[in-house]
Participant: 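I have a structure here, written as structure tokens, and I will follow up with some questions on it.
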Amino acid sequence: MNSPATLNSIDSTRRSAAGRYVVATLSLGACLALAMLLRKALNVCGWDAYDTWTVVTAALAAMACSLPGVFLVMRRQSMMGDALAHTTLPGIVVAFLLAHSLQQAGWISSATYDSWRHAAMFIGALVIGVVSAVLTEWVQKLGRVEASAALGVVFTTLFAVGLLLIRLKADQVHIDPDCVLYGIIETTVMDTVPNTQIPRAAVVNGLVLLANLLLVTLFFKELRISAFDAAISTTMGINSHAMHYALMAVTAATLVSAFESVGSILVIAMLIAPAATAHLLTDRLDRLIAISLAVAALSAFLGHLSAITLPSIVFTRLGYPEVVDTSTAGMMAVAAGGLFTIAAMFGPRYGVISKVLDQARLSRSIIAEDILGLLYRMEEESDATALALNQLTAMIGTRTWPTYLAARGLAASGDVAVRGSSYELSPPGRERAKRLVRAHRLWESYMAKHFDLPADHLHESAARVEHFLGAELREELAAELEDTAEDPHGREIPPEQG
Amino acid sequence: MIRSVLAQQSRSKIENEHPASSPLSIHDMTVAYHRKPVIWDIDYTAPLGKLVAIVGPNGAGKSTLINAVLDLVPKASGEVRVFGEEYRKQRDRVGYVPQRESVDWDFPVNALNVVAMGLYRKIGWCFPVMRRHRQTAMEALDRVGMADYAKRQISQLSGGQQQRVFLARALVQDADLYLMDEPFAGVDASTERAIVEILRELRERGRTTLVVHHDLQTVTEYFDHVMLLNMRLVATGPTSEVFTRENLRKTYGGKLALLDQVGHKMTLGESGG
């Protein structure tokens with residue numbers, strides 16, 4: 001025996017499953033159509049395989065950086081990323097020198113020199129990440145300064161040490177700080193894996209991304225607890241200090257791998273911007289990580305696209321047709337900043353627009369409630385039950401058009417009836433108004449009981465508070481006042497019901 | 001030979017001073033920041049299955065005491081035993097509720113996520129939080145009257161609700177000894193009632209709870225035992241015996257001026273000469 005309710009629910013699940021299927025098919029179709037369109041559009045811009053590989057390489061690097069970046073931002077240590085970008089220099093130089101002298105000594109052959117150098121740089125970065133973190137803590141303790149000042153001391157010093165090392169050893173081995181720190185994506189894409197079109201840098205960054213994804217998946221809960229509550233984390237046996245050092249090491253290693261291919265500007269931007277953007281869009285850590293990855297990849301694509309299209313459009317107009325493109329890495333960082341700005345403007349909860357809209361909605365509902373309260377008091381005191389718009393405006397003390405909008409809204413919801421050009425309460429509106437006036441007078445009585453204030457000071461506070469006193473609070477107030485029937489001015493407090 | 005005898009002696013000494021039955025025994029513990037002692041020579045043995053209030057003025061070292069027991073700050077000297085063993089061997093049996101201000105409430109987690117953190121040790125490294133863990137967390141949220149708020153991001157909760165979430169996180173740990181740092185600070189009346197109820201429930205189940213408490217009015221009502229602290233242990237014992245006007249005067253009536261002076265000298269590193 002199926003009751004109608006169960007039948008209905010079965011029916012609705014079936015319907016929703018079918019609905020989901022339709023939605024999925026439609027969105028898949030839309031994606032395909034978009035992709036086709038995009039391809040057409042890209043062809044028009046002169047997009048080729050080289051552009052695709054540039055974007056893929058940069059996107060992989062950006063996504064790899066955004067993962068440790070999420071946890072830096074969550075730990076409120078965003079500056080640590082910027083600092084690490086500098087402190088890795090001496091690590092890189094020492095690794096260079098070590099690999100070079102090993103080759104000189106004949107321990108490693110020239111053929112394998114490059115991979116040895118990469119491995120050494122990677123290890124150097126892991127070490128320097130931990131060293132920077134430890135040094136910063138020491139400086140903070142010994143120098144009795146706050147964390148950011150300690151950071152400032154450590155990263156400038158280590159960076160300078162790196163530069164000095166380069167100068168001192170310049171005759172032994174050729175290290176160009178430009179090529180170490182400011183990798184140029186335009187040229188790294190040309191350096192491909194033999195017999196393929198795949199850039200070597202894409203492979204390196206892809207591997208780093210994979211490693212970071214693996215680490216974040218494996219240690220998701222440990223990373224979360226140590227970032228959220230260091231003390232609890234440590235008492236649980238997940239030492240938050242150790243987690244901090246590990247994060248620093250992984251960040252430094254990621255930075256170094258990405259530096260060479262995409263350059264320091266992009267790396268520093270991609271460490272922080274995607275996570276900061278994602279934090280504006282979601283309240284869940286797993287989604288935040290997914291959105292960061294998407295923002296990183298999207299920045300890479302949009303950045304490159306605008307780097308090859310925007311300059312020719314803009315500069316041709318300005319009369320410099322010879323300028324046809326600009327720094328891809330720079331534009332990618334700009335794109336990341338742009339996406340952040342968009343999230344800050346249009347984000348669903350923390351966005352500027354939604355805050356402004358919320359504010360507008362709130363002030364409109366307050367005016368509407370003021371109209372209801374006013375009409376109720378008019379009915380109470382005199383026979384005049386209808387008020388014209390200009391009377392409402394004057395008595396509430398706002399401007400005409402917000403009052404008009406609020407009154408129209410009340411008419412639409414059936415709370416007021418429009419008679420000619422005047423408004424009066426309808427039965428449901430009267431009930432709503434009664435509750436508002438009840439809230440107002442309860443609050444006045446409550447204030448009078450607990451505050452030593454003259455009676456004429458009560459109204460204003462009550463007028464502010466009445467809009468926020470729900471049924472529960474009204475009940476608590478009434479209980480607290482032990483069924484007082486009148487407010488301090490001697491007017492009746494309307495009952496909750498009837 | 002002599003060494004083994006000495007070891008024997010010191011072992012029996014430790015066993016005497018740290019009875020295995022006591023949930024928490026502190027022997028001659030001093031904790032210092034920058035060499036300046038903030039709590040001096042604490043000797044304390046917690047009674048099993050009681051509710052204990054840690055009471056003292058601001059700066060008395062109440063939180064420091066808890067943090068030192070939990071190895072969150074280093075001890076200058078002294079020893080701590082939890083059920084007769086070192087704390088790090090007994091992590092599973094100790095639950096901790098930190099001060100509410102100690103975390104970033106904008107962090108992207110919801111109430112249920114935070115409560116589930118209490119199970120991380122049980123779940124183990126690298127294993128994910130499973131459905132049954134979430135269920136346990138949900139039950140704990142229900143016990144503190146927060147089941148309806150499980151999916152709320154934690155910044156959307158009121159102060160009292162945040163404190164209940166912290167309490168629920170400690171509850172899922174199912175510990176034998178609880179240390180709570182000002183769970184009543186800044187909470188509404190109904191949360192206070194809910195917390196007291198939970199504390200009593202823990203006592204009924206034989207758990208020991210030490211609570212840093214600020215409201216002197218409610219000490220006798222809520223707690224069986226009290227520990228009066230002001231840089232040193234002023235008095236400790238059953239509330240009815242120890243929570244006296246005389247002891248409170250000793251605790252709150254100004255610090256021992258000499259302790260402060262000596263501490264200051266130690267910071268400066270001036271020797272007596």
Side-chain angles (χ1 to χ4, degrees), chain A residues 70-71 73-78 140-144 214-243 246 275-292 348-350 472-473 476 479-480, chain B residues 33-34 63 66-67 69-73 87-100 102-114 116-130 133 151-156 165-166 169-170 173 175 179 181 188-190:
Chain A
V70 165
F71 293 95
V73 171
M74 289 302 111
R75 286 170 162 261
R76 311 219 153 181
Q77 289 175 325
S78 312
Q140 196 182 341
K141 240 179 239 165
L142 297 175
R144 318 185 78 160
L214 191 71
L215 287 174
V216 167
T217 318
L218 270 181
F219 296 105
F220 180 72
K221 97 183 178 303
E222 287 76 15
L223 284 164
R224 168 152 82 184
I225 192 173
S226 68
F228 172 62
D229 191 336
I232 276 288
S233 175
T234 306
T235 63
M236 292 269 186
I238 301 162
N239 191 309
S240 67
H241 271 281
M243 291 300 288
T277 308
H279 196 195
L280 288 167
L281 299 176
T282 180
D283 280 333
R284 283 179 49 173
L285 188 57
D286 45 359
R287 283 188 197 156
L288 197 151
I289 292 170
I291 295 175
S292 298
R349 188 177 299 165
Y350 308 108
E472 216 170 289
L473 280 167
E476 268 185 55
E480 153 92 36
Chain B
Y33 289 127
H34 297 291
S63 301
I66 288 185
N67 289 341
V69 166
L70 294 171
D71 281 344
L72 293 172
V73 297
Y87 164 69
R88 48 187 182 83
K89 289 183 187 155
Q90 299 278 34
R91 285 186 195 280
D92 293 326
R93 301 181 70 181
V94 184
Y96 171 45
V97 178
Q99 283 188 21
R100 192 152 46 85
S102 65
V103 305
D104 170 14
W105 289 96
D106 280 331
F107 199 87
V109 284
N110 61 31
L112 190 69
N113 296 147
V114 174
M117 287 179 188
L119 293 165
Y120 280 11
R121 198 169 161 73
K122 234 168 259 172
I123 298 170
W125 282 80
C126 301
F127 286 97
V129 180
M130 312 276 254
H133 301 128
K151 298 286 179 189
R152 280 273 180 98
Q153 200 270 327
I154 51 174
S155 67
Q156 316 280 317
V165 170
F166 265 12
R169 177 174 66 183
Q173 270 183 276
L179 304 174
D181 204 343
D188 52 290
S190 70

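Naming: A, B, ... by sequence-line order, numbering from 1 per chain. Everything numeric in this text was worked out from a predicted model, so none of it was measured.
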Participant: Under 4.5 Å from any heavy atom of chain B, what part of A:R76 do you find: side chain, backbone, both or neither?
Facilitator: side chain
Participant: Quick check: do A:T282 and B:P108 have side-chain heavy atoms less than 4.5 Å from each other?
Facilitator: no
Participant: Could you grab the distance from atom OG of B:S102 to atom CD1 of A:I232, nearest 0.5 Å is fine?
Facilitator: 8.0 Å
Participant: Could you list the donor-acceptor pairs under 3.5 angstrom formed between side-chain atoms of residues 121-130 of chain B and any protein atom two or more places apart in sequence or on another chain?
Facilitator:
residue: B:R121; atom: NE; partner: B:D92; partner atom: OD1; Å: 2.6
residue: B:R121; atom: NH1; partner: A:M236; partner atom: O; Å: 3.1
residue: B:K122; atom: NZ; partner: B:V172; partner atom: O; Å: 3.4

Participant: Under 4.5 Å, counting heavy-atom pairs only, tell me which of B:Q153, B:Q173, B:R88 racks up the most with chain A.
Facilitator: B:Q153
Participant: Any heavy-atom pair between the side chains of B:V109 and A:M74 that's under 4.5 Å?
Facilitator: no
Participant: Evaluate the side-chain proximity of A:R224 to B:F107: yes if any heavy-atom separation is below 4.5 Å, no if none is.
Facilitator: yes
Participant: Using the side chain to side chain donor-acceptor pair (under 3.5 Å) criterion, which residues pair with A:R75? Sequence neighbours excluded.
Facilitator: A:S226
Participant: Measure distances from B:V114 to the heavy atoms of chain A and classify the residue's part below 4.5 Å as side chain, backbone, both or neither.
Facilitator: side chain
Participant: What I'd like to find out is whether the side chain of A:T234 reaches to under 4.5 Å of the side chain of B:L72, using heavy atoms alone.
Facilitator: yes
Participant: At a heavy-atom separation under 4.5 Å, does A:A227 approach chain B through its side chain, its backbone, both, or neither?
Facilitator: both
Participant: Quick one: are A:D229 and B:Y96 in side-chain contact, heavy atoms under 4.5 Å?
Facilitator: no
Participant: What part of A:L218 gets closer than 4.5 Å to chain B, counting heavy atoms only: side chain, backbone, both or neither?
Facilitator: both
Participant: Using the six-membered ring wherever Trp is involved, compare the ring planes of A:F228 and B:W105 and label them parallel, tilted or perpendicular (cut-offs 30° and 60°).
Facilitator: perpendicular
